[in-house]
Colleague: 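Once you've had a glance at the structure underneath, I'll fire off some questions.
Chain identifiers are assigned alphabetically (A, B, ...) following the order of the sequence lines, protein sequences preceding nucleic acid strands; residue numbering begins at 1 within each chain. Just so you know, these numbers use all the heavy atoms, side chains as well, and skip hydrogens, waters and symmetry mates.
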Protein chains: 2
Amino acid sequence: MRDVAALAGVSLKTVSRVVNNEAGVSTDVRTRVERAIGQLGYQHNLAASTLRRSDGRSNTVGVLLQDVSNSFSAGMLRALEDAARERDVAILASSLDEEPDREHSLVGSLIRRRVDGLVMMPTTQRQDYLADELRSGLPVVFVDRGPKGVDADSVVVDNRAGALLATTHMLEHGHRRIAYLGDLNRISTAAARRAGYRQAHKDAGVPLDPALEVGDLRGDTDAREAMDRLLDLDDPPTAVFAARNSLAIGAVQSLRARGLAHRVALVGFDDFPLADLLDPPLTVVRQDVRRIGTEVARLLFARIDGDDAPPRHVVIEPVLVVRGSGEIAP
Amino acid sequence: MRDVAALAGVSLKTVSRVVNNEAGVSTDVRTRVERAIGQLGYQHNLAASTLRRSDGRSNTVGVLLQDVSNSFSAGMLRALEDAARERDVAILASSLDEEPDREHSLVGSLIRRRVDGLVMMPTTQRQDYLADELRSGLPVVFVDRGPKGVDADSVVVDNRAGALLATTHMLEHGHRRIAYLGDLNRISTAAARRAGYRQAHKDAGVPLDPALEVGDLRGDTDAREAMDRLLDLDDPPTAVFAARNSLAIGAVQSLRARGLAHRVALVGFDDFPLADLLDPPLTVVRQDVRRIGTEVARLLFARIDGDDAPPRHVVIEPVLVVRGSGEIAP
DNA sequence: TTGAAAGCGCTACCAT
DNA sequence: ATGGTAGCGCTTTCAA
């Protein structure tokens, strides 16, 4: 910047004015400075700028997702990116893989980088460790799973209602033995989905069979094995509710391998690309990822812009997408 | 940091030593400083640190992909992330959506943020605009598509060979009318895949029919419509080579809607989740995304570590994954 | 409209 | 083993 100033024959401050598009620079001087910038290939240093600025804005936000390569996280990231781009805000993205330690260390890393805000799909049980940052005004929006131990903005879907929807749908189609495939039990959304599954049975007056409830499944491989075991029972389920997309995939693999894909009903939680091209097409409870992402961005940027109202909790209602697999009769 | 120093009764420099884990601090002093840090909730400011450091490292790299929500880009991002995490390097990720203007502006934004390196899946025809940065030593690794107009490291798959593989496979199964569904023609990988498709015909002595070659398709919707039109021809194709994953999906939609999924052969380029669960399971040419990502990371971090050998160009051979859809007889 | 000087939070360098 | 001082590249403040 000093070189640019020298070449253009102006002061540092004037170059700064040009670079930041501030008023109070004559067209003539502006042109001279811009030419000098071009000649020297000067690139403004945003880190130095941030350091000195009174607001300390880095124009960067951090996003901690479950796994940037899974379709739900990736869709979220994309929706956020679109909102961020309009403001010329960059996104630091990371995957947590349900590892609490990683959440702690990545949050620290983002704070050391002075992000203007944080979006997180938490994997820890409680986020008390964020209390200091929240109090000092760091904008944080929780997504998919609400905050525990602290209060902050959040955007979640009504997991219980979604599970109730899915399970009731199969009960109404006459199923009485519906299996449940669930995520790691400690994850709050998994608990809510399980509660919805049970509620549906209660509402319909159908007894639950604990042998049909399998939790703590990490991914499609786990789900496939669990499904295999369920189908080997003396009195196997005639329907399955898979409480996450990867678990539904594992279930499909198992059913397909045994030629039961058209015999056992299946409803998944969380839509994914190609679910409609499976055979039978997969009936799912859909969480509108783009809508969630848009809401998250709205909350986050409002906070960044100084909104200091009490935390807001947005709940998005999931919808049942009927495609075929969930309508198979017992 | 000043406050920490005051509270611990040491100098600024000593706090800096503790924070950076430098040697030459007694255990006693270190403990005192750490306690002060804890009491004050002090968080090191990485931007200020970067500014002052002699190497100017930001421990941040920029990644420009086609679209972070598509499985190929997302897989790349994830592989890179895993390599970056080991070094405590953060990732700024963005989507280009095949828009050249966005590439220019995002590269600028990343340079202003002083990233230590850049990974890009370019969407521009030429990247001469990067010449200055490359000359001044910015590590850049091109992925999926090689650099044009400048020289830099790259990791690409052998697109021509992959297309040759796919097309020959169907020719060997007796097909003589194989359609081609291709990406935007200006994209170099699309051109290479088309060349492979043609080469296969030439090798087999099978004449090409221009009516069966459709390029400039943007996504599954385009592909579906193109496929519909092809199937409406008087002499429709008995097989299809879809040169990108989203195009294969469009083709499947069209075939499925007409009940031809088991009648017309289909091979896609680029594997994706669930391709094996379609009916029939989709035969594809697979590019090993994780392997590509790992190679990219290896090249990038070697450059960041000071490697100044001439640019390296890694070519990954794609493999044919036979699953069913590509083996349908004419 | 333009500029000079101070200082953001930190690390390099040299001294003790 | 510890500290003082200068200065990274920029913006702020105030003066001209």
Colleague: Among residues at least two apart in sequence or on other chains, which ones pass side-chain hydrogen bond (donor to acceptor under 3.5 Å, both in side chains) with B:R186?
Modeller: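 B:R186 satisfies side-chain hydrogen bond (donor to acceptor under 3.5 Å, both in side chains) with no other residue.
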Colleague: Between D:dA1 atom C1' and B:D28 atom CG, what is the distance in whole Å?
Modeller: 11 Å
Colleague: Taking only side-chain nitrogens and oxygens of B:S16, does any of them come within less than 4.0 Å of OP1 or OP2 of C:dC10?
Modeller: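 Indeed not, no polar side-chain atom of B:S16 lies that close.
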Colleague: I'd like to know if the side chain of A:R290 pairs up with that of A:T294 as donor and acceptor (distance under 3.5 Å, no hydrogens or angles considered).
Modeller: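 The answer is no; no qualifying pair exists.
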Colleague: Picking from C:dT2, C:dT11, D:dC10, which would you name as closest to the side chain of B:N20?
Modeller: C:dT11
Colleague: For the pair made of CG in B:D3 and C1' in C:dG9, what is the distance, rounded to whole Å?
Modeller: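 Spelled out: CG on B:D3 to C1' on C:dG9 is 11 Å.
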Colleague: Considering non-hydrogen atoms only, spot the tightest contact between A:Q127 and A:P122 and give its length.
Modeller: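 Distance-wise, the nearest heavy atoms are NE2-CB, 3.5 Å.
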Colleague: When the distance from CG of A:L12 to P of D:dG9 is rounded to whole Å, what number comes out?
Modeller: 11 Å
Colleague: What integer distance in Å separates B:R112:CZ from D:dG9:C1'?
Modeller: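 So the CZ-C1' distance, B:R112 to D:dG9, works out to 15 Å.
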Colleague: How many Å lie between CZ on B:R57 and P on C:dA12, as a whole number?
Modeller: 13 Å
Colleague: Of the nucleotides D:dT12, C:dT11, D:dC10, which one has an atom closest to the side chain of A:S54?
Modeller: D:dT12
Colleague: Does D:dG3 have OP1 or OP2 sitting under 4.0 Å from an N or O in the side chain of B:T14?
Modeller: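 Answer yes for this pair, as a side-chain N or O of B:T14 is under 4.0 Å from OP1 or OP2.
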Colleague: So if I take every side-chain heavy atom of A:R52 and compare against D:dG9, C:dG3, C:dC10, which nucleotide ends up nearest?
Modeller: D:dG9
Colleague: Looking for any heavy atom pair under 4.0 Å, which part of the strands does B:V19 touch: base, sugar-phosphate only, or nothing?
Modeller: nothing
Colleague: Roughly, in whole Å, what's the span from CZ in A:R17 to C1' in D:dT12?
Modeller: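 Roughly 10 Å, once rounded to whole Å.
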Colleague: In terms of side-chain heavy atoms of B:R53, which of D:dC10, C:dT11, C:dT2 is nearest?
Modeller: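 Side chain of B:R53 sits closest to C:dT11.
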Colleague: Between B:S11 and D:dG3, does any side-chain N or O lie under 4.0 Å from OP1 or OP2?
Modeller: yes
Colleague: Indicate yes or no: does A:E295 engage A:R312 in a salt bridge with an N to O separation below 4.0 Å.
Modeller: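 Looking at A:R312 together with A:E295, the answer is no, because their closest N to O distance does not fall below 4.0 Å.
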Colleague: Any ion pair linking B:D305 and B:R87 (charged N to carboxylate O, less than 4.0 Å)?
Modeller: yes
Colleague: Could you check A:V29 against B:S49 and say which one's nearest nucleotide on DNA chain C is further toward the 5' end?
Modeller: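 Its nucleotide being nearer the 5' end, the pick is A:V29.
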Colleague: If you check the A:K13 side chain, which of D:dC8, C:dA4, C:dT2 turns out closest?
Modeller: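 The closest nucleotide is C:dA4.
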Colleague: Please state how far atom CE in A:M1 lies from atom C1' in D:dG7, giving the value in whole angstrom units.
Modeller: 16 Å
Colleague: Does a side-chain N or O from A:S26 land closer than 4.0 Å to OP1 or OP2 of C:dT1, or not?
Modeller: no
Colleague: To the nearest Å, give me how far apart CG (B:N45) and C1' (C:dC8) are.
Modeller: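 Taking CG of B:N45 and C1' of C:dC8, I get 9 Å after rounding.
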Colleague: Across the strands shown, which category fits A:V10 at heavy-atom distances under 4.0 angstrom: base, sugar-phosphate, nothing?
Modeller: sugar-phosphate
Colleague: Is any side-chain N of the basic residue among B:R298 and B:D153 closer than 4.0 Å to the acidic one's carboxylate O?
Modeller: no
Colleague: Would you say the side chain of A:R114 and the base of C:dG9 hold a donor-acceptor pair, judged only by whether the two atoms sit under 3.5 Å apart?
Modeller: no
Colleague: When the nearest nucleotide of DNA chain D is assigned to A:A48 and to A:D55 on a heavy-atom basis, which residue is associated with the more 5' position?
Modeller: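 Mapping each residue to its closest nucleotide by heavy atoms, the 5'-most match is A:A48.
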